[in-house]
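This one's a predicted model, so the numbers in the text were calculated from it and none came from an experiment. The chains referred to below are lettered A, B, ... by the order of the sequence lines, with proteins before strands, and numbering in each begins at 1.
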There are 2 protein chains.
Amino acid sequence: MHRKIVFPRSIRYLLAVAEHKSFTRAADALAVSQPTLSQQIKQLEESLDVQLLDRSGRSVRLTDAGEVYLLHARRALGELHAAQRAIHDLQDLSRGSLRLGMTPITDYLTAPLLDAFNAHYPGISVSTLEMPQHDIECGVAEDRIDVGIAFTNTLSSMAASSKIEAHVLFDEALNLAVGQGHGRAGDRSPFSAATLAEEPLVLLSPDFVLRRYVDMYCRQHGITPHIAMETNSLSVIVEIVRLGRLATILPDTIATAQHGIQSIKLAPSLPNHTITLICRNGGYKSPACVAFGELAVDWCSLRARQQTAAVSTPSQRRTPETALVQR
Amino acid sequence: MHRKIVFPRSIRYLLAVAEHKSFTRAADALAVSQPTLSQQIKQLEESLDVQLLDRSGRSVRLTDAGEVYLLHARRALGELHAAQRAIHDLQDLSRGSLRLGMTPITDYLTAPLLDAFNAHYPGISVSTLEMPQHDIECGVAEDRIDVGIAFTNTLSSMAASSKIEAHVLFDEALNLAVGQGHGRAGDRSPFSAATLAEEPLVLLSPDFVLRRYVDMYCRQHGITPHIAMETNSLSVIVEIVRLGRLATILPDTIATAQHGIQSIKLAPSLPNHTITLICRNGGYKSPACVAFGELAVDWCSLRARQQTAAVSTPSQRRTPETALVQR
DNA sequence: TAGCCCTATAGGCGTTCACTATGCATCGAA
DNA sequence: TTCGATGCATAGTGAACGCCTATAGGGCTA
């Protein structure tokens with residue numbers, strides 16, 4: 001492999017001759033023969049149709065044209081050096097960018113992951129875009145986004161075409177979430193489907209996947225939920241629930257992460273849903289993208305270990321999960 | 001001769017591929033085969049140890065590294081283009097510089113020449129340095145100055161060594177100069193050497209060549225000049241003479257160019273002295289230097305014509321003989 | 001003027017570049 | 001799924017270029 005930067009030989013030689021003010025010494029420094037320099041520089045002069053060096057005197061010196069040419073040549077060389085450094089930075093993950101697509105709910109779940117990523121690679125600018133799952137898949141396939149985080153592992157038809165690949169990060173229980181002032185607060189026993197039907201709920205709009213999960217659950221168990229309120233904003237739901245009058249169904253992690261909200265298991269439980277990482281299959285992955293994938297895996301395994309540890313003492317909170325990953 | 005700019009093939013190829021988003025089309029545009037591009041770009045990628053192009057999809061696209069590399073590469077290429085333009089400007093004499101050395105008296109004589117040069121080539125910055133003749137010769141030989149204008153054609157020993165060459169621009173009569181209020185003002189008849197001895201004079205200091213001419217003249221004719229004042233400033237002499245009490249000996253051109261001063265011939269006359277252009281022999285001459293030499297010749301021949309036309313008495317002038325320096 | 005230092009030129013050799021032919025993967029259509 | 005079309009990668013050969021040694025020529029110094 002060349003350690004040398006890609007740059008015209010003739011100009012490099014000219015630089016050396018100008019520096020040493022001598023063909024012979026420059027040839028020594030460059031570890032080439034002196035005639036080689038004469039030849040190369042002559043060619044450069046011919047291609048520019050101008051005399052760059054004045055060889056008449058005792059020592060070689062630059063002509064006016066040589067002076068001005070070298071000024072620019074040095075800058076050009078500097079640019080290519082800068083290019084190499086920039087690339088190196090990119091490889092080092094000390095710079096770069098990551099375009100991340102996620103469904104509207106997953107951002108609550110992966111905010112700690114994003115935070116950890118930024119803490120590790122502060123030079124990489126992350127831009128997150130909320131979009132439906134289908135857009136995520138298309139965006140990844142067409143390289144409009146580098147990586148996506150979606151709410152389900154049931155990929156659309158496009159996924160089959162092996163253009164994208166999906167990795168399950170973790171899966172998540174869907175529980176009833178109530179505020180501390182709610183009548184069910186403090187219930188230890190699981191919530192039955194029948195009881196759920198009587199409970200006034202605040203739910204996401206029907207176009208959200210999570211809502212569709214809930215609807216499917218109710219249909220399967222022959223109940224009609226009492227929907228007191230619908231919204232397309234997760235934060236509205238969280239605040240309403242926190243006030244204590246209405247309940248909702250939320251991923252366990254979101255519910256327990258919020259102050260003043262507690263999570264109550266359902267029986268029978270809703271099917272777990274998965275948080276999935278989506279990226280291109282086979283194509284080029286930027287270093288930042290690779291790093292994000294690796295960090296995500298590490299973060300999830302750490303998260304799993306913490307969760308197992310916490311379950312043994314079932315009453316309380318989970319520790320904040322900032323998985324640290326070494327490069 | 002190459003019309004193409006000197007720049008690495010591999011980078012040029014990369015630019016083309018990035019532009020056309022296709023190896024095949026880029027190869028067409030570059031008039032090379034497609035495998036050549038594959039090969040060259042692969043080598044570039046290997047030398048940078050990074051993937052620059054993502055060939056996985058339908059169309060070739062740049063990776064992050066390729067994007068950032070191309071940004072710098074374009075700038076580098078732009079610099080080399082700028083270099084070529086700058087050199088072209090230099091050849092065009094729309095830019096450049098000229099270092100001119102002259103003895104303290106010749107500046108009076110060549111000021112119109114300098115003015116004409118600047119009028120023709122306003123982009124060339126001229127720096128004039130006053131220095132003794134010896135320094136001019138050394139300066140030209142050692143390339144500290146591009147061209148010198150001296151007061152005499154008797155070159156020092158250094159001139160013999162063929163490192164410098166001298167061209168006579170014109171020669172100049174040395175006459176008595178008096179103010180209009182001077183007792184001799186209006187004299188038509190030549191001034192004899194004997195009369196000169198009685199005349200109170202203001203002269204240059206003995207270290208000036210002009211002064212040495214005068215001293216030699218006096219010695220040759222056995223007279224002792226009445227030196228009322230000595231100075232090393234030509235402008236002081238001019239002003240003193242203008243006041244009318246003292247006379248001096250000046251090149252005819254200087255005397256007649258000054259308002260309130262008239263020139264009176266001497267009989268026998270002082271030997272004419274020559275205004276000489278000095279430049280390097282054999283070595284590189286900058287375009288600006290060559291242009292100055294050519295303009296000097298033109299200017300002198302024009303000057304000669306004007307002078308011949310002005311002076312009806314044909315005894316006076318001789319033609320300017322200046323061999324022109326070939327490139 | 002003789003000798004030394006430095007650059008230019010000549011001719012042979014090896015690497016690199018570019019070409020043709022072919023292989024392999026992807027994409028679109030039957 | 002299969003087939004043809006498209007597009008990049010690979011192999012192998014010929015030409016061009018870069019680099020070498022040897023030598024010539026020119027300027028500077030003793």
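- The phosphate of D:dC8 has neither OP1 nor OP2 within less than 4.0 Å of any side-chain N or O from B:Ser38.
- A salt bridge is absent between B:Asp54 and A:Lys285: the closest approach of a Lys/Arg side-chain nitrogen to an acidic carboxylate oxygen does not fall below 4.0 angstrom.
- The distance from atom CD of B:Gln51 to atom P of D:dC8 is 14 Å, rounded to the nearest whole Å.
- A side-chain donor-acceptor contact under 3.5 Å links A:Gln34 and A:Ser38.
- Comparing atom distances between the B:Arg55 side chain and each of D:dC19, D:dC8, D:dT10 picks out D:dC8 as nearest.
- Within the 4.0 Å cut-off from OP1 or OP2 of D:dC19, not a single side-chain nitrogen or oxygen of A:Ser33 is found.
- Here D:dG7 presents its P atom at 15 Å from NZ of B:Lys21, a figure rounded to the nearest Å.
- The distance from atom OH of A:Tyr13 to atom C1' of D:dC20 is 12 Å, rounded to the nearest whole Å.
- Of all nucleotides listed (C:dT20, D:dC20, D:dG7), D:dG7 comes nearest to the side chain of B:Arg25.
- The shortest heavy-atom contact between B:Leu100 and B:Met102 is CD2-CE, 3.7 Å.
- Between B:Lys42 and D:dT10, a side-chain N or O to OP1/OP2 separation shorter than 4.0 Å is present.
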Please step through side chain to side chain contact (heavy atoms under 4.5 Å, CB included) for the pair A:Leu37 and A:Arg9, ending with a clear verdict.
CA-CA 10 Å; A:Leu37 290 193; A:Arg9 268 181 290 267; over 6 Å; no
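- Among C:dA21, C:dT9, D:dC8, the nucleotide with an atom closest to any side-chain atom of A:Pro35 is C:dT9.
- No hydrogens or angles were tested; on distance alone, nothing pairs the side chain of B:Gln40 with the base of C:dA18 as donor and acceptor under 3.5 Å.
- One interatomic measurement links the two molecules: CD of A:Glu45 to P of C:dT7, which rounds to 13 Å at whole-angstrom precision.
- Rounding to whole angstrom units, CG of residue A:Leu44 and P of C:dA8 are separated by 13 Å.
- Between the CG atom of B:Leu37 and the P atom of C:dT16 there is a distance of 19 Å, given to the nearest Å.
- Along DNA chain D, the nucleotide nearest B:Gln39 and the nucleotide nearest B:Gln34 are compared for position; the residue whose nucleotide lies closer to the 5' end is B:Gln34.
- A straight line from CG of A:Leu30 to P of D:dG18 spans 15 Å, rounded to a whole angstrom.
- At the heavy-atom level, B:Thr24 lies under 4.0 Å from the strands shown only through sugar-phosphate atoms.
- Distance, B:Asp28 CG to D:dG7 C1': 12 Å, rounded to whole Å.
- At a threshold of 4.0 angstrom between heavy atoms, the contacts of A:Ala31 are confined to the sugar-phosphate backbone, with no base atom among them.
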Under the side chain to side chain contact (heavy atoms under 4.5 Å, CB included) criterion, do A:Val140 and A:Val147 qualify, and how do the steps go?
CA-CA 6 Å; A:Val140 167; A:Val147 63; 5.9 Å; no
